[in-house]
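On a predicted model such as this, the values are computed, not experimentally measured, just so you know. Note on naming: letters A, B, ... go to the chains in the order of the sequence lines (proteins, then strands), and numbering restarts at 1 for each one.
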Amino acid sequence: MRISTVPTSPADTTAQPRRRCVDVPHNAWYAAATSDEVGRAPLSRRMLGNRVVVYRTVAGDAVALEDRCAHRPVPLSSGRLEGDDIVAGYTGFRYAPDGRCVAVPTQANVPIGARVRAFPVHDDGSFVWVWTGDPNLARLRPPPQAPWLQDPEWVTFGDSWVTQAPLRLLLDNFSDITHVAHVRPEVAPPALVAGPMPPLEVTVSETGMSFARQYPPVPVPAWQAPMLGVPADEAYPQREEGEFLSPGLWVDRWHADTPEGRASFVFTHALTPVDETSTRHVWRVSRNFADSSAATGTLTPLMDGYYRAVREALEDMQRIVSEDGPRADVLVAADAAAVQVRRIMDRLVADETGTR
Amino acid sequence: MTSPTPTVVNEYEADVVVTAVTRPAEDVVEVTMAHPDGLALPGWTPGAHIDLVLDHDTVRQYSLCGSPADPSALKVAVLLAPDTRGGSKRVHELTPGATVRIRGPRNHFPLVSAPRYLFVAGGIGITPLLPMIEEADAAGADWHLHYGGRTRSSMAYLDRLEQYGDRVTVVPQDEAGLLDLATILGSPDDRTLVYCCGPEPLLQAVEERCASWPSGALHLERFSPKAVEREGADTAFELVLQRSGITTTVPEDKSVLQAMRDAGVSVLASCMEGTCGTCETEVVEGEIDHRDSVLDPDEQESGEVMMVCVSRCRGARLVLDA
Ligand code: FES
């Protein structure tokens, strides 16, 4: 007589870890890595408290799996790729791109139901977006888009690092960049310090927020004038824009309208919570003027210095909050953008956790 | 008056192009809209609605009934109603290629994550529930839709609902009478959320039936103001706008919203009658006389937010986070 070996309820080897990062939406796309970081070597990342390993199949498709073998708690990323599969280092368990365990070294059969979590993944050529929330909902939320990063009209440079501060602090920061003048006066456009601030125009939708300030004619920054081929003391209308595209993607723009046309910077920030107190920050500076590498050479230390100074300020804030406890911020009218983003974030979190 | 750093808050607004018009039921048109330059439209979640700005004084709210999975299109379905102001008639006259102005999306009827859902739709009230059902089903929730209407041919999207089999109960009045709310809502359950949209009598009946349900279980969407009892004449009170650093007065004949605008503070608003939720403002201090049709009794009780277009303050002083 044959006895069925199928257990009525196989052990759940993909059990959700205890919920981490409770104040950010998990049902959202976050960049696990830039597309060029992901290849035929396993790359280990932490996202919203999850251990994730990303790699590419032979055909080049990005794969994101939980970076923890179902047999022993070793990272898959310490192993190697075999074809489209990944083999855990210490245990030798082999997993297919959909997370199923397809081979174990010590027996011919694979334990029924053995698998690791496979995360929905979307590679847009700039970023490998990964969804660590309810996998069934991923197809109902299109990933955010940053097509200019692939557009030959734009020259782009940038860097990435982990900031020891939570996503919410980074979003507050981008919602109000009037701090540039205090953080890095040498980078700050004269428009930000020249006189009374023009009105802040905030535009909201259910899940998005953008803002703009239209500055009356002022000189462009001294470092930008030669790149535009304009006199440093000539005044031009300038426009500042910021946009919360999704919890994981922020974009700022700075436009200068000279007689030659509109010269624009686009600053792209892919923001991925690592855990409760740290955030991966990939920043990219794109411009549609002065495409020479000399200009990039001038801009890189300026922008790098500015973003490092911001990182330091945010890390100071987080240190004070974690040492002394949180307090309600005193908000001002210029926080209108930050307030809208906080509202959107709060609502997305409340809806998905069922606490509303 | 001291002028604050001027800050203007507006909702997303755009002229979009009608790309398709279909008739999913008798007297119902479904209008699909896209950005004229093919750009993505703002994202939204199930339960959201938009304004159609048909002209300066004809602004109507309609639930989005497409899928949030498609960022290139927004869909609304509109019943031709004997509307004295003619909003639905204008929508029924739209043809592919027409330009229409939209505002939003916004959402005061969001789908909160839960293991079980009861959806109750009356007639064209099915529209916000369609994307909710798509999402609840994808998430693997246990759900059931009770869908009532006059006649089968007047009920939109029966074909789209067919795929869900016996999760959907269709109740055309001429065949089966009214929705049996006593049975549908007869056993309160703290793991189930109830979502209802439809004509006012249905909303009221469901509200009554859900009185014995756990607080927060019932979610309703209203597109016309519900009757609000007034207690005595309106009075003036002091208004403190904390973030802006402004103190002013709301006279008895002006709304809080008007007083805020008079003080130079930008407030979002759309319907001006307490149904759309656009003007929701956080309350720091003050006892609120809620007169809106958006907040549920618990939300009103908590006093954390108010709709400044219609609601007032019972006391002498109101402090808002604005
Ligand atoms: S403007 Fe619609 S609720 Fe106040």
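For A:Pro142 against B:Ala69, the heavy-atom pair with the smallest separation is CG-O, 3.5 Å. Nearest heavy-atom pair, B:Gly43 versus A:Glu206, reported as atom, atom and distance to 0.1 Å: O-CB, 4.3 Å. Nearest heavy atoms, B:Val9 versus A:Ala336: CG2-CB, 4.2 Å. What you find for A:Asp351 and B:Leu111 is that their closest heavy atoms are CB-O, 3.9 Å.
With a threshold of 4.5 angstrom between heavy atoms, A:Leu137 approaches chain B through side-chain atoms but not through N, CA, C or O. With a 4.5 angstrom heavy-atom cutoff, A:Gln145 does not touch chain B via any of its atoms. Contacts of B:Ala138 with chain A are made by both backbone and side-chain atoms, with heavy-atom separations under 4.5 Å. Proximity to chain B (any heavy atom under 4.5 Å) is shown, for A:Val330, by neither the backbone nor the side chain. Heavy-atom distances place the side chain of B:Leu268, and not its backbone, under 4.5 Å from chain A.
Counting non-hydrogen atoms of neighbouring residues, nucleotides and ligands closer than 6.0 angstrom, the CZ atom of A:Arg343 exceeds 12 such neighbours. Counted within 6.0 Å of CD on B:Glu301, heavy atoms from surrounding residues, nucleotides or ligands total 12 or fewer; the atom is thus considered open. Within a 6.0 Å sphere centred on CD of B:Glu304, other residues, nucleotides and ligands contribute 12 heavy atoms or fewer. Within 6.0 Å of CD in A:Glu153 there are 12 or fewer heavy atoms belonging to other residues, nucleotides or ligands. Enclosure of atom CZ in B:Arg167 by more than 12 non-hydrogen atoms of other residues, nucleotides or ligands within 6.0 angstrom is indicated.
Looking only at distances, no side-chain donor or acceptor of B:Ser113 sits under 3.5 Å from a matching main-chain atom of A:Gly354.
The shortest distance between side-chain heavy atoms of B:Glu134 and A:Leu140 falls below 4.5 Å. Counting heavy atoms from C-beta on, the side chains of B:Thr45 and A:Thr207 come closer than 4.5 Å. Put simply, the side chain of A:Arg141 reaches to within 4.5 Å of the side chain of B:Glu135, judged on heavy atoms.
To the nearest 0.5 Å, atoms OG1 (A:Thr203) and CG (B:Asn10) are separated by 6.0 Å. Between atom CZ of residue A:Arg139 and atom OG of residue B:Ser67 there is a gap of 7.0 Å, rounded to the nearest 0.5 Å. Note that CG of B:Asn107 is 11.0 Å distant from OG of A:Ser205, once rounded to the nearest 0.5 Å.
Heavy-atom pairs under 4.5 Å with chain A were tallied for B:Arg243, B:Arg103, B:Glu11; the largest tally goes to B:Arg243.
A:Arg168 pairs by the salt bridge (charged side-chain N to carboxylate O under 4.0 Å, His left out) definition with A:Asp346, not counting sequence neighbours.
Counting only residues at least two apart or in different chains, salt bridge (charged side-chain N to carboxylate O under 4.0 Å, His left out) contacts with residues 244-255 of chain A comprise A:Glu241-A:Arg253, A:Glu243-A:Arg253.
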